[in-house]
Amino acid sequence: MSTLSEVVLIAAVIAAGLIAGLFYAYTCSVMPGLARADARTYVTGMREINIAILNGWFALSFGGAPLLAAAAAALHFRSELRSALPWIIAGFVLLLVMLIVTMAINVPLNNALEAGFDGDNTDFEALRAKFEGVWERWNLVRTLAAVGGFGALVGGLVVHARS
């Protein structure tokens, strides 16, 4: 597997797997764990997570997965590689959905959580009530999109390898 198309597709699969795994971890462990906490701990925990996640490692998988999937699709337009293209395009579209949901819904909710925080004067119960259910529902949507994108890219890699 030394061609550029293979290397880019493998990189897309890895990046998609990382971001799908991250959102899956939120869905099955982080959010259920925070749900057990009192409102102050929940809000404070989410604020700290939102700050900590803004780093280069996260950016590489979050932005890199759809970009690499798009690049892999472009490289697979050649006739001998076209059989993998539907899988790769499906992976790209699902990763794009993940990106759009995050930027259009989860990030604004994170920003609203931050804006509503006023130290000890915060109404933690009210802030949590406005945030928790909506954020978790859309986190599930982006998790399913990311996992689907990862699966589709794996399918593309399998088809590519058989070509």
Side-chain angles (χ1 to χ4, degrees), residues 8-74 86-158:
V8 171
L9 181 54
I10 290 168
V13 168
I14 291 168
L18 289 170
I19 199 64
L22 174 76
F23 291 145
Y24 173 76
Y26 267 90
T27 299
C28 70
S29 65
V30 174
M31 301 317 293
L34 285 175
R36 295 175 179 212
D38 62 87
R40 179 185 207 97
T41 303
Y42 180 93
V43 169
T44 304
M46 279 305 299
R47 284 184 69 238
E48 294 302 322
I49 289 168
N50 291 339
I51 293 165
I53 202 163
L54 297 177
N55 63 67
W57 293 110
F58 172 74
L60 280 173
S61 58
F62 178 69
L67 286 174
L68 288 163
W87 288 98
I88 297 168
I89 290 172
F92 167 71
V93 168
L94 288 164
L95 291 169
L96 193 59
V97 167
M98 174 270 308
L99 188 102
I100 291 168
V101 166
T102 301
M103 298 310 291
I105 299 167
N106 293 96
V107 168
L109 285 167
N110 293 346
N111 293 340
L113 185 76
E114 184 63 32
F117 184 80
D118 186 24
D120 289 333
N121 298 323
T122 303
D123 182 347
F124 291 100
E125 291 290 340
L127 194 53
R128 179 182 187 166
K130 289 193 308 190
F131 179 87
E132 186 174 20
V134 176
W135 195 94
E136 288 182 16
R137 279 189 296 279
W138 286 102
N139 181 64
L140 179 59
V141 170
R142 72 180 179 173
T143 299
L144 293 172
V147 170
F150 170 67
L153 290 176
V154 169
L157 187 60
V158 168

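Between L94 and G148, the shortest heavy-atom distance links the atoms CD1-C, 3.4 Å. Residues A73 and I89 approach most closely at CB-CG1, 4.3 Å, considering heavy atoms. Contact record, G116 with T122: O-CG2, 3.8 Å, taken as the closest heavy-atom pair. Residues A69 and I88 approach most closely at O-CG2, 3.5 Å, considering heavy atoms. Across every non-hydrogen atom of G64 and A15, the tightest pair is C-CB, 4.3 Å. Across L127 and A112, no two heavy atoms sit closer than the pair CD1-O, 4.2 Å.
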Considering only distance and modelled atom types, tabulate donor-acceptor pairs under 3.5 Å from the side chains of residues 30-39, sequence neighbours left out.
{"residue": "D38", "atom": "OD1", "partner": "R40", "partner atom": "N", "Å": "3.1"}
{"residue": "D38", "atom": "OD1", "partner": "T41", "partner atom": "N", "Å": "3.1"}
{"residue": "D38", "atom": "OD1", "partner": "T41", "partner atom": "OG1", "Å": "3.4"}
{"residue": "D38", "atom": "OD2", "partner": "T41", "partner atom": "OG1", "Å": "2.9"}

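Residues W138 and V141 are in side-chain contact: their nearest non-hydrogen atoms beyond the backbone lie under 4.5 Å apart. At a threshold of 4.5 Å between non-hydrogen side-chain atoms, the residues L153 and L157 do not count as touching. Considering only heavy atoms from C-beta on, Y42 stays 4.5 Å or farther from F124 through its side chain. In this structure, the side chains of I53 and L22 come closer than 4.5 Å at one or more pairs of heavy atoms.
The side-chain hydrogen bond (donor to acceptor under 3.5 Å, both in side chains) pairs that include a residue from residues 49-71 are N50-N110, where partners are two or more places apart or lie in different chains. Applying the salt bridge (charged side-chain N to carboxylate O under 4.0 Å, His left out) definition to pairs two or more places apart or across chains, those involving residues 87-116 are R47-E114. Sorted by first and then second residue, the ring-ring contact (aromatic ring centres under 6.0 Å, His included) pairs with a member in residues 9-41 read Y26-W135; sequence neighbours excluded. Within the structure, salt bridge (charged side-chain N to carboxylate O under 4.0 Å, His left out) pairs that include any residue of residues 127-140 comprise R128-E132 (at least two apart or interchain).
For the atom pair CD1 (I105) and CZ (R142), the distance works out to 10.0 Å, reported to the nearest 0.5 Å. To the nearest 0.5 angstrom, L113 atom CG is 12.0 Å from N106 atom CG. To the nearest 0.5 Å, atom CZ of residue F62 and atom CG of residue L18 are 14.0 Å apart. Distance check: L68 CG to L60 CG gives 9.5 Å after rounding to the nearest 0.5 Å. Expressed to the nearest 0.5 Å, how far CD1 of I14 lies from CZ of F150 amounts to 9.5 Å. Taking CG from L54 and CD1 from I49, the interatomic distance works out to 12.0 Å, rounded to the nearest 0.5 Å.
In this structure, D123 contributes its side chain and A126 its backbone to a donor-acceptor pair below 3.5 Å.
By the side-chain contact (heavy atoms from CB on, under 4.5 Å) test, A145 is found to be paired with V97, M98, residues two or more places apart in sequence or in another chain being considered.
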